[in-house]
Amino acid sequence: MSVDIATVKKIASLARIAITEEEAARIAPELDNIMGWIEQLGEVDTSSVEPMTAVIPNHLRLRDDVVTDGNVRDAVLSNAPQAEHGFFAVPKVIE
C-alpha cells in the first residue's frame, strides 16, 4: 500500500489535525515506510507460536466474593456532621 499526500490529508482530517501541504508531503514517505514495516510483519511465519495475552505468565489474585458491611461503620460515621442510630442524619427536605 502506497501512502500519498491525499491519504495523509484524509487521515489528518479524520484525526481533526490541521496540516499544511508541506507537512503532508513530509509525512507521506514516513507513513509509507511504516506501512512497509507492517507488511514485513505480515510475512513472518507465526504458525508455531501459541497466542498469549502477556509476555510473562500472570495469575490473578482472587478473593472470595462475599458481601460484607466492611465493619467500619463507626469510622465512616465519625466523619458525618450528624449521625443517629448508626445512620447519617440529614435535615428534612420535603415540607
Side-chain angles (χ1 to χ4, degrees):
M1 175 180 179
S2 178
V3 179
D4 57 356
I5 295 174
T7 305
V8 172
K9 286 183 177 181
K10 177 71 174 178
I11 293 169
S13 172
L14 292 172
R16 305 289 193 257
I17 299 172
I19 61 172
T20 64
E21 188 76 25
E22 295 80 26
E23 290 172 328
R26 183 177 48 83
I27 293 172
E30 293 178 18
L31 287 178
D32 197 35
N33 286 338
I34 293 170
M35 294 303 292
W37 292 333
I38 293 171
E39 289 174 4
Q40 284 181 0
L41 288 175
E43 296 171 3
V44 176
D45 180 25
T46 58
S47 60
S48 62
V49 178
E50 292 186 29
M52 60 181 166
T53 58
V55 179
I56 57 174
N58 292 327
H59 301 285
L60 296 176
R61 286 177 248 144
L62 301 176
R63 62 173 172 77
D64 292 335
D65 191 12
V66 179
V67 177
T68 65
D69 64 356
N71 296 324
V72 292
R73 181 182 71 175
D74 295 332
V76 171
L77 289 176
S78 68
N79 295 321
Q82 185 177 3
E84 293 179 6
H85 310 292
F87 297 99
F88 289 102
V90 295
K92 186 177 180 181
V93 177
I94 300 174
E95 296 180 15

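In terms of the side-chain hydrogen bond (donor to acceptor under 3.5 Å, both in side chains) criterion, Glu43 has no residue partners (sequence neighbours excluded). Partners of Asn33 according to the side-chain hydrogen bond (donor to acceptor under 3.5 Å, both in side chains) rule, which considers only residues two or more places apart in sequence or in another chain, do not exist here. Residues passing the side-chain hydrogen bond (donor to acceptor under 3.5 Å, both in side chains) test with Asp45, sequence neighbours excluded: Ser47.
Atoms CG and CD1, on Leu41 and Ile38 in that order, are 7.5 Å from each other to the nearest 0.5 Å. A distance of 5.5 Å separates CD1 in Ile11 from CG in Leu31, rounded to the nearest 0.5 Å. Distance check, rounded to the nearest 0.5 Å: CD1 of Ile27 to CD1 of Ile34 gives 10.0 Å. Asp32 contributes atom CG, which lies 8.5 Å from atom CE of Met35 (distance to the nearest 0.5 angstrom).
Under a 4.5 Å side-chain heavy-atom criterion applied to ILVMFWY residues, the cluster that includes Val76 comprises Val72, Leu77, Phe88 as well.
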Review item, side-chain donor-acceptor pairs of residues 18-25, under 3.5 Å, at least two apart:
residue : atom : partner : partner atom : Å
Thr20   : OG1  : Glu22   : OE1          : 3.4
Thr20   : OG1  : Glu23   : N            : 3.2
Glu21   : OE1  : Lys9    : NZ           : 2.4
Glu23   : OE1  : Thr20   : N            : 2.9

Could you pull out every donor-acceptor pair under 3.5 Å between side chains of residues 53-62 and any protein atom, sequence neighbours left out?
none

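Side-chain contact between Ile5 and Val8: absent, with no pair of heavy atoms (C-beta onward) separated by less than 4.5 Å.
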